[in-house]
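Here the structure is laid out as structure tokens; the discussion comes afterwards.
Quick caveat, the model's predicted, so the values are computed rather than measured.
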Amino acid sequence: MTSAKNEPRARGANPAQQDKQTEIAFFDGHAAADDYDVFAPEASARLVSEFARLSALPPHSRVADLGCGSGTFTALLKSQGYACVGLDISGKLVAVGRRKHRGIQLLQGDIERLPFADGSFDGVLLSGVVHHFPEPSRCAVEVARVLRPQGRFVAFDPNRMNPFMWLYRDRTSPFYSSVGVTANERPVLAREVAAVFERAGFDVSTHYLSGLAYRYVASAGARLLLPIYNRIDAAVFGLPIMKRLRPFVLTTGVKR
């Protein structure tokens, strides 16, 4: 249940690399709706609260929201007192965000080639984007580059160990749906994401989150089941015994 059909990769594209044009076309298409926000407002606010808690960054810290879309999380970060800039690969979504959130700097750009100087930020929020990289090593290296020493990142991504995420969004599932995702996406395994960021120079910890209510999914059939999913998620996956099966993985790290 992450982010229009699954498009083929560009001819000659390396399957271990992100197909940039597929990402741009998919998310530019959502700009016509003047928004791209799959979470209910309280879920978005909770994710930003988790960023503040896990990063332990004080107000006025300089924070980059990478994968900012139309700026929902960037605006919430600003409301928490951070000095923010957002970046997204979709120029059309960035344009929507600039109209909606005056006074917030939103840029079009590629996370694997960030347009920021070394050590520019105290913190980075990776807004549901790591699972868009078939091989996220370059993403992790760029995050390390733009963070100051002891800078912090927090990433949230769908968890492949969650039965709903696997059944609906993992291409190995017999019930996989390509509606509403790009060919680059796959729910993550927490240990793999942690290993990538550790190799990039971070001390990493992993956390799990449930109870993030969706307000929209692309598939009409899945939308009918969304209230049921939201109730099961809140009631079942919040139990301590279900921790590693919760729908979202939060990966956080401190730059060495």
Side-chain angles (χ1 to χ4, degrees), residues 37 39 41-90 93-94 97-98 101 103-133 136-158 188 190 193-209 212 248-256:
D37 188 6
F39 291 115
E42 60 271 20
S44 297
R46 186 177 172 201
L47 281 164
V48 170
S49 293
E50 287 296 310
F51 171 84
R53 181 180 71 85
L54 293 171
S55 70
L57 291 170
H60 309 299
S61 297
R62 184 156 170 78
V63 173
D65 176 18
L66 304 183
C68 69
S70 55
T72 296
F73 290 107
T74 326
L76 287 168
L77 288 165
K78 183 179 180 182
S79 74
Q80 294 284 318
Y82 297 114
C84 298
V85 57
L87 178 139
D88 198 88
I89 200 168
S90 167
L93 275 180
V94 166
R98 288 171 177 165
H101 305 294
I104 297 178
Q105 185 181 14
L106 300 176
L107 306 172
Q108 180 185 14
D110 181 357
I111 292 173
E112 294 186 309
R113 297 175 181 81
L114 290 171
F116 307 120
D118 296 0
S120 296
F121 297 100
D122 303 302
V124 165
L125 173 63
L126 288 156
S127 291
V129 293
V130 174
H131 72 285
H132 283 260
F133 293 97
S137 293
R138 184 63 193 167
C139 166
V141 168
E142 277 291 271
V143 170
R145 182 183 67 77
V146 302
L147 281 172
R148 62 166 173 80
Q150 299 301 301
R152 316 294 176 90
F153 84 89
V154 177
F156 65 87
D157 292 278
V188 302
V193 176
V196 166
F197 280 89
E198 285 168 355
R199 289 194 297 269
F202 290 95
D203 293 322
V204 176
S205 61
T206 299
H207 310 263
Y208 300 88
L209 200 59
L212 296 177
F248 283 89
V249 173
L250 275 66
T251 309
T252 184
V254 180
K255 182 178 174 180
R256 300 187 198 112

Under 3.5 Å, side chain of [X] to main-chain N/O of [Y], donor-acceptor pair present?
{"X": "R98", "Y": "L106", "answer": "yes"}
{"X": "R148", "Y": "K255", "answer": "no"}
{"X": "Q108", "Y": "I89", "answer": "yes"}
{"X": "T206", "Y": "T251", "answer": "no"}

Inset, instruction - Report the distance from atom CG of D65 to atom OH of Y82, rounding to the nearest 0.5 Å. - result: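 The distance works out to 12.5 Å.
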
Legend entry - Rounded distance (nearest 0.5 Å) linking atom CD of E50 with atom CZ of F156: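 It is 11.5 Å, given to the nearest 0.5 Å.
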
Inset, instruction - Could you check if a side-chain atom of L87 sits within less than 4.5 angstrom of a side-chain atom of F116, using non-hydrogen atoms only? - result: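 They are in side-chain contact.
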
Inset, instruction - Report yes if some heavy atom in the side chain of V249 is under 4.5 Å from a heavy atom in the side chain of V130; otherwise report no. - result: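 Answer no - side chains too far apart.
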
Inset, instruction - Salt-bridge test for E142 and R138: reply yes if a basic N is under 4.0 Å from a carboxylate O, no otherwise. - result: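 Yes.
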
Legend entry - Ion pair D122/R62, N-O distance below 4.0 Å: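 Not counted as a salt bridge, because no side-chain N and carboxylate O are separated by less than 4.0 Å.
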
Inset, instruction - Tell me, please, which residues at least two apart from S205 pass side-chain hydrogen bond (donor to acceptor under 3.5 Å, both in side chains). - result: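 Partners of S205 by the side-chain hydrogen bond (donor to acceptor under 3.5 Å, both in side chains) criterion, ordered by chain and then number, come out as H207.
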
Legend entry - Pairs meeting criterion salt bridge (charged side-chain N to carboxylate O under 4.0 Å, His left out) with involvement of residues 193-204, two or more places apart: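 As it turns out, the salt bridge (charged side-chain N to carboxylate O under 4.0 Å, His left out) pairs with a partner in residues 193-204, which skip direct neighbours, are D203-R256.
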
Inset, instruction - Could you pull out the closest heavy-atom pair between F202 and A140, with the gap in Å? - result: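 Minimum heavy-atom contact is CE1-O, 3.9 Å.
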
Legend entry - Steps toward side chain to side chain contact (heavy atoms under 4.5 Å, CB included) verdict (F153, F121): CA-CA 10 Å; F153 84 89; F121 297 100; over 6 Å; no

